[in-house]
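Residue numbers start from 1 in every chain, and the chains themselves are labelled A, B, ... in the order their sequence lines are given, proteins ahead of strands.
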Amino acid sequence: MGCCFGKDDDSKLLDTDSNAPLIEERDAGYRPIRGSDQFSQSPNGVQIGDQQSELNKVLQRAVTNVIDVSAIDSQALEQHEYMDRARTYSSRVAVVVTGPKKPLSSFLRLPKGVSMPYSVLSEEPVSVDDINLITQTAADAWKASQDIQVTHKENLVVQFGMPQN
Amino acid sequence: MSGPGPHNLDKVPNQEGYLILNDSGAVMASSGDLENDEATAAIIMKMIRLASKVNITPDNSQSFKRLSVIFDDFLYIATISSDKVYISKRKNIPKEPVMA
């Protein structure tokens, strides 16, 4: 498109009218949309916008060409297939959501407890008498367990099948 | 730190702090001496879990209502409600002379 200015006179006279109008219009500020040199020459606002929109078109074309190839299958889903898949996925999600509760319950599930924690926590503490009772009872039980003894009555080891002399 | 729902735990008498834990032992709310006290929370949570294993009745239909950890000057009182553990630290004021 860019023409050689040395031959300008000749081309104006002899050549087809395709070159001459382009040169004149370029001077007037008009840019042809097509052309490989438009990215490198004389940037102004309108032209950058054009380039941007052109670039976007190219990108859009590439995107649709590339991505749609793999997405065609899912886009071509029938309505009932879509519903089936939705049902399958939601049921699996439900399984996953309810799943983690099992390890918790196996770990140890807390008892149901009380309905009014405030009233339970506000009650009087355990009385000293009760504590003393429990402490004394536990001490007695421990002492009693220490006193358990095994009394020897007969041989613990019995030999089978050995001829006794 | 505000707690989950109205629990009124800050109105417990002679209280020095409280903790609210979820069923995995994480601190949901705390206040006073027990503010963000995860160490105490972990210890009491272990005691709660241990106490939950104790069979009080033969058919195991009931569990403990309140767990008290009593020191000379203060005491921890813990209870469970709707899968949350409520722990209150209170001053230990023996009432025995008055009661007698």
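Chosen from Asp83(B), Leu9(B), Val85(B), Val12(B), the residue pairing most often with chain A at heavy-atom distances under 4.5 Å is Val12(B).
Across all their heavy atoms, Arg90(B) and Pro125(A) have their closest contact at NH2-CD, 4.0 Å.
When hydrophobic clusters are built by joining Ile, Leu, Val, Met, Phe, Trp and Tyr residues whose side-chain heavy atoms come closer than 4.5 Å, directly or via intermediates, Tyr86(B) is not grouped with Val120(A). When hydrophobic clusters are built by joining Ile, Leu, Val, Met, Phe, Trp and Tyr residues whose side-chain heavy atoms come closer than 4.5 Å, directly or via intermediates, Leu133(A) is not grouped with Ile70(B). In this structure, Met116(A) is not a member of the same hydrophobic cluster as Ile48(B), with clusters built from ILVMFWY side-chain heavy atoms closer than 4.5 Å. By the rule that hydrophobic residues join a cluster once side-chain heavy atoms approach within less than 4.5 Å of another member, Phe71(B) and Leu19(B) end up as members of one cluster.
For Thr79(B), the parts lying under 4.5 angstrom from a heavy atom of chain A are both the backbone and the side chain. With a threshold of 4.5 angstrom between heavy atoms, Ile77(B) approaches chain A through its backbone and through its side chain.
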- Message: Determine whether Gln15(B) and Leu121(A) satisfy the following criterion, side chain to side chain contact (heavy atoms under 4.5 Å, CB included), listing intermediate values before the conclusion.
- Response: CA-CA 10 Å; Gln15(B) 180 171 253; Leu121(A) 295 182; 5.6 Å; no

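Here NZ of Lys65(B) is found 4.5 Å from CD of Glu123(A). Values are rounded to the nearest 0.5 Å. Here the OG-OH distance, from Ser81(B) to Tyr118(A), works out to 14.5 Å after rounding to the nearest 0.5 Å.
Counting heavy atoms from C-beta on, the side chains of Ile80(B) and Val114(A) never come closer than 4.5 Å.
Under a cut-off of 6.0 angstrom, the local environment of CD in Glu16(B) is crowded, with over 12 non-hydrogen atoms contributed by other residues, nucleotides or ligands. Environment of CG in Asp72(B): sparse, with no more than 12 heavy atoms of neighbouring residues, nucleotides or ligands closer than 6.0 Å.
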